[in-house]
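It should be emphasised that the depicted structure is a prediction, and the values quoted were computed from it without experimental measurement.
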Amino acid sequence: QPMDAPAKGKAKLAGITGAGAAALLIAAVAQFEGKRNDPYQDIVGVWTVCYGETRVQMKRYTDAECKDMLADGLADFAKPVLARNPELAGHDPQLAAAVSLAYNIGPKAYAGSSVARSFSAGQWRQACDAFLKWSYAGGKQVAGLLKRRQAERAICLRGL
C-alpha cells in the first residue's frame with residue numbers, strides 16, 4: 001500500500017468539512033474510539049474494527065488502512081450532518097463535535113436528536129449541552145460514553 005493512501009480519506013473529509021474541522025475530527029474520534037486492527041464486538045455486541053467502523057468487512061487491517069477508513073467514514077457521516085445542519089459549515093469545532101456524535105450514534109439518530117434541532121433553532125449552547133444525553137448504551141449510562149460526550153461538548157463550546 002502506498003504511503004499516501006491514508007490521504008485519500010483525509011482529502012475526501014477535508015473537501016466536505018474543511019481542513020480545520022477534518023483535522024480536529026480525525027484526532028478527536030481516533031482518541032474516542034481507540035483502534036483495534038482485529039474485529040471485536042463493542043459494548044452492545046456490534047462487530048467493529050479499527051476506529052469503531054461497522055460498515056466494512058470484518059478482517060485484520062493495517063494502521064494505515066484503519067486511518068484511511070476513519071477519515072473516509074467520517075466523510076460519509078459529515079454529509080448527512082451538513083445536510084441536516086447546513087449552518088454548521090465553517091464552524092469547525094461545532095461541526096467536528098456533531099460529526100463525531102453522528103459517527104457514534106448514526107446519522108438517523110443524529111438527524112432526529114435535540115442536538116440537531118437546537119443547532120437548527122440557533123441555540124448553539126443548548127445543542128452542545130444536549131450531547132450529554134447520548135451517554136447511554138443498552139439503557140444504562142456508560143462512563144466511557146459520558147466521558148466522550150463531555151469531550152465532544154467541550155469541543156462544541158469552543159468559540160461560542
Side-chain angles (χ1 to χ4, degrees), residues 1-36 42 48-56 61-135 137 142 144-160:
Q1 174 163 340
M3 288 298 287
D4 65 347
K8 288 182 183 174
K10 191 172 184 181
K12 178 180 171 185
L13 179 61
I16 295 166
T17 65
L24 183 57
L25 193 50
I26 291 168
V29 174
Q31 179 186 344
F32 297 146
E33 292 286 347
K35 177 179 63 68
R36 291 200 203 167
D42 73 5
T48 306
V49 70
C50 291
Y51 295 101
E53 182 61 70
T54 59
R55 307 166 306 145
V56 298
Y61 291 93
T62 66
D63 288 348
E65 288 170 329
C66 285
K67 192 166 188 183
D68 189 45
M69 191 185 302
L70 174 62
D72 190 69
L74 289 168
D76 291 343
F77 284 85
K79 288 176 189 174
V81 167
L82 282 165
R84 172 65 177 85
N85 292 118
E87 62 277 5
L88 293 177
H91 297 273
D92 292 353
Q94 295 75 30
L95 177 58
V99 175
S100 177
L101 179 64
Y103 186 75
N104 189 239
I105 69 173
K108 282 187 180 168
Y110 175 80
S113 72
S114 55
V115 173
R117 287 193 306 275
S118 294
F119 279 133
S120 290
Q123 299 169 322
W124 289 41
R125 283 186 173 277
Q126 186 175 319
C128 297
D129 289 342
F131 276 76
L132 301 178
K133 296 176 182 178
W134 292 92
S135 59
V142 177
L145 283 177
L146 180 58
K147 187 175 177 183
R148 178 178 180 155
R149 298 299 168 243
Q150 289 168 334
E152 288 167 340
R153 178 181 175 272
I155 292 168
C156 185
L157 288 169
R158 288 185 196 168
L160 295 185

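- Note on residues 69-79: pairs passing salt bridge (Lys or Arg N to Asp or Glu O under 4.0 Å), not counting sequence neighbours, are Lys12-Asp72, Lys12-Asp76, Arg55-Asp76.
- Looking at heavy atoms from C-beta onward, Leu70 lies out of side-chain contact with Lys67 at the 4.5 angstrom threshold.
- Taking OG of Ser113 as the start and CZ of Arg84 as the end, the distance is 7.0 Å to the nearest 0.5 Å.
- Residue pairs meeting the disulfide (SG to SG under 2.5 Å) criterion with at least one partner in residues 65-95, sequence neighbours excluded, are Cys50-Cys66.
- Remark: Arg148 pairs with Glu33, Glu152 by the salt bridge (Lys or Arg N to Asp or Glu O under 4.0 Å) rule, at least two apart or across chains.
- In this structure Tyr110 satisfies the side-chain hydrogen bond (donor to acceptor under 3.5 Å, both in side chains) test together with Asn85, sequence neighbours excluded.
- Put simply, the side chain of Phe119 reaches to within 4.5 Å of the side chain of Cys156, judged on heavy atoms.
- For the atom pair CZ of Arg36 and CD of Glu53, the computed distance is 15.5 Å after rounding to the nearest 0.5 Å.
- Applying the ring pair (Phe, Tyr, Trp, His ring centres under 6.0 Å) test to pairs two or more places apart or on separate chains, none has a residue in residues 10-36.
- The shortest side-chain heavy-atom distance between Asn104 and Trp134 does not fall under the 4.5 Å cut-off.
- Sorted by first then second residue, the ring pair (Phe, Tyr, Trp, His ring centres under 6.0 Å) pairs that include residues 75-97, not counting sequence neighbours, are Phe77-Tyr103, His91-Trp124.
- Annotation: side chain of Gln150 is in contact with side chain of Leu132 (closest heavy-atom distance under 4.5 Å).
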